[in-house]
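See structure below.
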Amino acid sequence: MSQVTLLPERIGRIFVDALRDWSATAALVRYALAHIVALRHPVVARVLYRQIYFTGIEALRAISLIALLTGIVIIVETVSLVGHQPAILGQIMLWVVVRELGPLLTGIVIIARSSSAAAAELATMKIRGEMNSLRVMGIDPMDILIVPRIVGMTLSVVAVTFYFQLTAILGGFAATSIWYGVPLRQGLQGVIDLMTVTEILASLTKALAFGIMIAATSCSFGLRAKGTVTAVPQAATGAVMRGIITLFLLDGVITYLFFV
Amino acid sequence: MNHASYACVLDVAITAPHRIAFQVPAGSVCKLIVSSRDRKNELLSLLTGLAPPAAGSVQLLGEDLYAQDESQRIAVFRRVGVVPEDGGLISNLKMWENILLPSAYHHAHRVEDVEPRVVALFNDLYPDRRDLRSIMGKLPDQLSLRERRLTALVRAFLMEPDLVIYDFVLAGMDREAAARIVAATSEFQAQHRDRTSIYLCTDEGAYARVQADQTIELEH
C-alpha cells in the first residue's frame, strides 16, 4: 500500500526538483543577459577569455578524436550497408552529424569536462567564503563569476560544435577516399548540395541552447552548494546529471520544432 | 543624532538579551576588543554586511548597510578595506592576481602601476623573504598564514580606503612580524587625516603597540 502511494510521490518529486533546477537555471540566464555589460570591464573580460580557453581550446584535442572516429564509423557503416552512393552518404552525414551527433556529442563532452569543473569550482569558492570575500572587496560575485562563465561556455559550445561537424565530415570522407578510392571532393559536394538554411539554423539553435543550458546549470549547482566539502562532489554530479537529461530533452524539442 | 562625522556606527541586537552599540569617529583609530574568536566572527559579519542583525542598524561611512539592497551594499565596500584573519584570498587566483584584483576592478590599475608600491610594502613587511617574485606566482593554498595575511594587507592598502577593518591582524604572528604590521598600518593611517582604522582584537599584549584613539571592550 505504502509503496503504491510512494511511487507517484517519488515521480512527482523528481519533476518538482527538475522544475526547481530549471527555474534557477533560467534565473541565472536572465541575470547574465541583464548584466552582459559587465563583460566590458577588463577584469571580467579576462575571466571570460580564461573560460573560453578552458572550455573551448582545451577541449579541442578530445573533440578532434571523437569527431574523427564518429565520422569514420558512420561513413564506413553506411558504405558497407548501401555501397558508395554520394547522395545517400551526404544525406546520412548531414542528418546524423550536422543535425544530431555534432551538437549532442559536443554537449556531452563539454558537460563531462567543463560543467562538472565549473560547478565544483564555484561550490568550493562558496563553501570557503570566497563569494563573501568578493563582496567585501566591493565586487559583485555574480558579475565576475557567473556572467563570464555563462557567456564563455556558450560561445565555446557553439564554436566547438561547428568544429566537431567539420572534423567528422572531413574525417569521414577522407576515410572513404583512402579506403575506397572515392575522391574527397565528391563526398563533400554531396553534403554541400543537400545543406539548407534550416539545417544550419537547427544546428546553430541546438548549439546555442545547449551552451546556455550547460553553462547555467553548472553555475546554478555550484552556487547552490552549502555547508561542508561534501557539497562539492554533489554539485559536480548534480550539474552533470541534470545537464545530460536536459541536453536530451532540449535536443528532442528542437528537433521536433524544426523537422516534424 | 548626526552620524556624518562617524566612520562606523553600530547599534544592533544580535540575539534577545545581547545588544552591541558603539561609534567610531571618522579619522580615528579604534581597538575593538572582543572576548572570543566566535564573537569576533559575529561582529565582523555584521560590519561587512554579511549577517543582518535581529534588530538595529550598522552604518559604515554614512551608509546604513542593511537598509540597502545587495548591489548598493557591495558598492559601500569600494571605500572600505577589510583585512581578514585568513587573508580572504580567492583560491583560483595567484598571489599577485589577488593583490591586484580590487584595485584593478575599481581603479583600473595595471601591474606596472602598482608594482613599485607592492615591492616597497613587501620589503617593509616581509624583509626576510627576498625571493618575492617566486611567491607572487603561487596560489593561496601554497602560501603560509603570514603570506596570506600580508597579501590581504597590501591588497587593502592599494585600494586607498577611507575605512580599514583589521581582523585579528596580529594573531599568530611572531613579535617582529607583529611590530612590522603595526608600523605599516599606523603609517597607512597617518597618510590621510580622514582615514579610520578599526582593529578587531583580543586583549593580547601584541595589540598594546597599536596607538588607538579609542578602545572599546565588547563583553557580550
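When reading the values below, keep in mind they use all heavy atoms of this one structure, side chains included, and skip hydrogens, waters and symmetry mates. Numbers restart at 1 for each chain; the letters A, B, ... are given by sequence-line order, proteins then strands.
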Find out whether [X] and [Y] are in side-chain contact, i.e. whether some heavy atom of one side chain is under 4.5 Å from a heavy atom of the other.
X       : Y       : result
D143(A) : Y105(B) : yes
S133(A) : I90(B)  : yes
R135(A) : R73(B)  : no
V136(A) : I165(B) : no
M137(A) : M159(B) : no
H106(B) : I139(A) : yes
I74(B)  : P141(A) : yes

Original post:
Atom CD1 in I144(A), atom CG in L101(B): separation rounded to 0.5 Å?
Top reply: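 Output value for this atom pair is 5.0 Å.
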Subject >> Gap between atom CG of L44(B) and atom CG of N132(A) - 0.5 Å precision >> reply: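 Nearest 0.5 Å value for the CG-CG distance: 10.0 Å.
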Pairs of heavy atoms under 4.5 Å with chain A: top-ranked of [options]:
options                         : value
S91(B), G88(B), A152(B)         : S91(B)
T48(B), L100(B), L50(B), D86(B) : L50(B)
V76(B), N92(B), V80(B), V82(B)  : N92(B)

Does [X] have more than 12 heavy atoms from other residues, nucleotides or ligands lying within 6.0 Å of its [atom1]?
X       : atom1 : answer
Y163(A) : OH    : yes
R13(A)  : CZ    : no
K138(B) : NZ    : yes

Original post:
Side chain, backbone, both or neither: which part of Q72(B) has a heavy atom under 4.5 Å from chain A?
Top reply: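 No part of it gets close to chain A.
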Original post:
Pick from E130(A), M142(A), E121(A): which one has the most heavy-atom pairs with chain B under 4.5 Å?
Top reply: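 Ranked by contacts with chain B, first place is E130(A).
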Name the region of [X], side chain, backbone, both or neither, that has any atom closer than 4.5 Å to a heavy atom of chain B.
X       : answer
R128(A) : side chain
R50(A)  : side chain
M125(A) : side chain

**OP:** Might you point out which heavy atoms bring H41(A) and A104(B) nearest each other, and give the distance in Å?
**Re:**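 Nearest heavy atoms, H41(A) then A104(B): CE1-O, 3.8 Å.
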